[in-house]
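Worksheet: the structure to be examined is printed underneath.
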Amino acid sequence: MPAAPFTPAQNTALAALAARGAEISDWCATIFDFGETAWREYRSAEWYVQRLRDEGFTVEEGSGGMPTAFCAEWGNGDGPVIGLYAEYDGIPGNCQAREPRRAPRPGLGFQAGGHTDPHSGLGMAGLGAALAIKAAMERHGIKGGIHFTGEPAEKLRGSKPIHAAKGYYDGLAAILSFHPFYMAPLCNTVRWDTHCGAAYGMVYRFICDAPERWGAHDASGSGAPIPQAHSAVRAPGAGEALTLMFTASKALRDSMLPHTGGWSISEAVLTHTQATADNLPAGLAELQYMIRTPTLAMAEAATAALDRNAEAAAAMTGCRWERHWVSKSRPGLANHAMAGAVWENLRSLGAPEWGPDARAIAQSIQRELGLEPMADPFIPEMTQLLAPQEAEAALRRDLPPSQSHSTSDDYTDMCWHAPTARFYIARPALRAPEGYAYPAWVMNALGGIPATIDPMVRRAAQVLATTGLRVLEDATLRADAAQEFTRRTGGGIGGSDWLAPLCDYDPPIHFRWPEYVTTPRGHDWWIPSTMPHA
């Protein structure tokens, strides 16, 4: 069946995106160059807030108690409200310039933050769509509004569980969630039934308050502690507790959960000894974990195993321990009405296209790596559409029949507050010669160079804008999506099958998350750029 033609309002939105294409490209490069990481996206959030205000939006800064989050609103009278959002966090250790060679951004080392997915393009597609929808609503007198949130720390599943718990998604007619293609078969398609799963993130903190009390008492047997020199027996300390927790949890990982379900657990050291004197025990150490599972029950079971390990490690090293939540994210909820609307517009628009400039950049990267440049250097999936049902069937081939969810992303918390569609647009990726794997910097560079990333941003913005306007203009679609949401939740928000927000913690903004610093030496990453690097 051919896709339906676009309405006059949708065509106005597409024209608005075309007219602002150069601006959007420059904006995308700006956020890429900021390269800020979770909970520390200060410049990126400030940029979005100012741009949205300049465009006529009312913006709440620091929404949900998160300094780098925001909530922007624009309305054109009473009517339905569409939800869109931006992400803008990168990842430490992925600093890459917008160049077809491995190079950090000016003045930084490779250990600084950088965009990998890239969220710089994800967020800019959302912003471009919001501005295009606004232009169409104004020109055609469409009633309703736009709800645009800034979502920090997605890599830690950070902001959306908090926004959800505080009611920021309630009352929306629908929410649209876009992500750059990141794994087959999810390329130029829409998720159908199998949405992302649950994710629990936490920081285990070990504190050694009184190392002098470790095994040292007077000869009378009174049990009173006596002062100890640095060389005397004292508690091993928080550094050893962290090490024990780290190794014990790796050793027990295979026994935490069954070998099914595609679950994973990973860790990152936040604070470890920070030694300024090597003959004193560490008083504080922190270890972060992220658990990705299909179900909440599995996440709870893995958390219980980690808790036991933390308690044992603390007891062995003269420490006490604490667990602090970073994320408790629900599994996703399908909505076929919304997924079908996105797919209809994606079919009408087609897959993104990459021109001669993009191919030339891809070929220069291949030369840089000592490879023979290919006439067609990009993977074929980039320019192909895949129907949601076909993507679903391909995804299910590798999953147990009983598994309902796969991988993780915190858009899932939005799904329980409004009908939500999740779709993917191809990002640039290179064909590889037989047996060859490209280094990680290649994908990062392609995600920042305008000629290679702009086609993705442009197509995603077009899909978001045309679908957002379809929601605002089509009462039948809204009714169908709402009815399906009510059915799947057993009555809507608060229904018998509805999953309530899990967030019962404050935003975890006070930990030592990696960040940029400004000192008399200048603007730098917390690991100095002057350190030797490969």
Side-chain angles (χ1 to χ4, degrees), residues 37-39 91-93 111 156 200-219 221-257 263-292 299-327 505 508-515 517 525-528 531-532:
T37 52
W39 302 119
I91 300 179
Q111 292 306 312
L156 300 179
Y200 276 19
M202 67 283 283
V203 171
Y204 285 93
R205 173 179 284 170
F206 297 97
I207 308 104
C208 187
D209 297 301
E212 72 280 356
R213 296 179 185 172
W214 179 264
H217 301 281
D218 65 12
S222 67
I226 58 175
Q228 298 295 309
H230 290 172
S231 60
V233 175
R234 51 167 170 72
E240 282 76 3
L242 182 148
T243 302
L244 285 170
M245 175 76 177
F246 187 95
T247 55
S249 297
K250 278 190 177 294
L252 294 178
R253 182 173 302 178
D254 288 347
S255 303
M256 286 182 183
L257 289 172
W263 72 280
S264 67
I265 179 170
S266 54
E267 66 285 301
V269 175
L270 289 186
T271 308
H272 186 190
T273 305
Q274 310 299 314
T276 55
D278 60 12
N279 60 349
L280 295 175
L284 173 69
E286 295 171 328
L287 184 58
Q288 176 208 342
Y289 282 93
M290 178 63 73
I291 307 165
R292 298 172 174 88
E300 291 283 351
T303 300
L306 291 176
D307 283 355
R308 291 192 293 270
N309 291 350
E311 183 175 11
M316 295 171 67
T317 55
C319 297
R320 58 187 173 89
W321 68 281
E322 301 169 349
R323 176 177 21 83
H324 299 269
W325 287 109
V326 174
S327 175
Y505 49 89
I509 59 177
H510 301 297
F511 291 101
R512 183 67 188 274
W513 302 112
E515 61 183 324
V517 295
W525 186 242
W526 70 324
I527 301 172
M531 289 186 65

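Keep in mind that the numbers below use all heavy atoms, side chains included, and drop hydrogens, waters and symmetry copies.
- Nearest heavy atoms, P281 versus A235: CB-O, 3.6 Å.
- Taking every heavy atom of both residues into account, S327 and Y505 meet most closely at CA-OH, 3.2 Å.
- Looking at residues two or more places apart in sequence or on another chain, you find a ring pair (Phe, Tyr, Trp, His ring centres under 6.0 Å) between W525 and Y516.
- Take T303 and apply the side-chain hydrogen bond (donor to acceptor under 3.5 Å, both in side chains) test, not counting sequence neighbours, and it matches no residue.
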CA sep, side-chain torsions, deciding dist, call: L156, W513, side chain to side chain contact (heavy atoms under 4.5 Å, CB included): CA-CA 11 Å; L156 300 179; W513 302 112; 3.6 Å; yes
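- A pairwise comparison of heavy atoms in V326 and V203 identifies CG2-CG2, 3.7 Å as the closest pair.
- The backbone N or O of P514 sits less than 3.5 Å from a side-chain atom of T37, completing a donor-acceptor pair.
- To the nearest 0.5 Å, atom CG of residue L257 and atom CH2 of residue W263 are 4.5 Å apart.
- In this structure, H272 contributes its side chain and A285 its backbone to no donor-acceptor pair below 3.5 Å.
- The closest side-chain heavy-atom distance from I291 to L306 is below 4.5 Å.
- Side chains of S249 and M256 form a contact here, defined as non-hydrogen atoms less than 4.5 Å apart.
- Taking the six-membered ring for Trp and thresholds of 30 and 60 degrees, Y204 and W321 have ring planes inclined between 30 and 60 degrees apart.
- Taking D209 as the reference, R320 meet the side-chain hydrogen bond (donor to acceptor under 3.5 Å, both in side chains) condition, with sequence neighbours excluded.
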Could you go through the side chain to side chain contact (heavy atoms under 4.5 Å, CB included) check for W39 and H510 one step at a time? CA-CA 9 Å; W39 302 119; H510 301 297; over 6 Å; no
Show your reasoning for whether side chain to side chain contact (heavy atoms under 4.5 Å, CB included) applies to R512 and W526. CA-CA 10 Å; R512 183 67 188 274; W526 70 324; 3.3 Å; yes
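- Atom CG of L284 is separated from atom OG1 of T271 by 5.5 Å, given to the nearest 0.5 angstrom.
- E300 pairs by the salt bridge (Lys or Arg N to Asp or Glu O under 4.0 Å) definition with nothing, not counting sequence neighbours.
- Using a 4.5 Å heavy-atom threshold, the side chains of E240 and M316 count as separate.
- Contact annotation: the side chain of M290 never approaches that of S264 to less than 4.5 Å [non-hydrogen atoms, C-beta and beyond].
- Closest approach of G318 to W214, counting heavy atoms only: N-CZ3, 3.3 Å.
- Taking E311 as the reference, nothing meets the salt bridge (Lys or Arg N to Asp or Glu O under 4.0 Å) condition, with sequence neighbours excluded.
- Between H324 atom NE2 and M202 atom CE the span is 12.0 Å, to the nearest 0.5 Å.
- Residues Y289 and M245 meet the side-chain proximity criterion, which asks for heavy atoms closer than 4.5 Å.
- The two residues A238 and C208 have their closest heavy-atom pair at N-CB, 4.0 Å.
- Residue pairs satisfying the salt bridge (charged side-chain N to carboxylate O under 4.0 Å, His left out) criterion with at least one member in residues 281-290, sequence neighbours excluded, are listed as follows: R205-E286.
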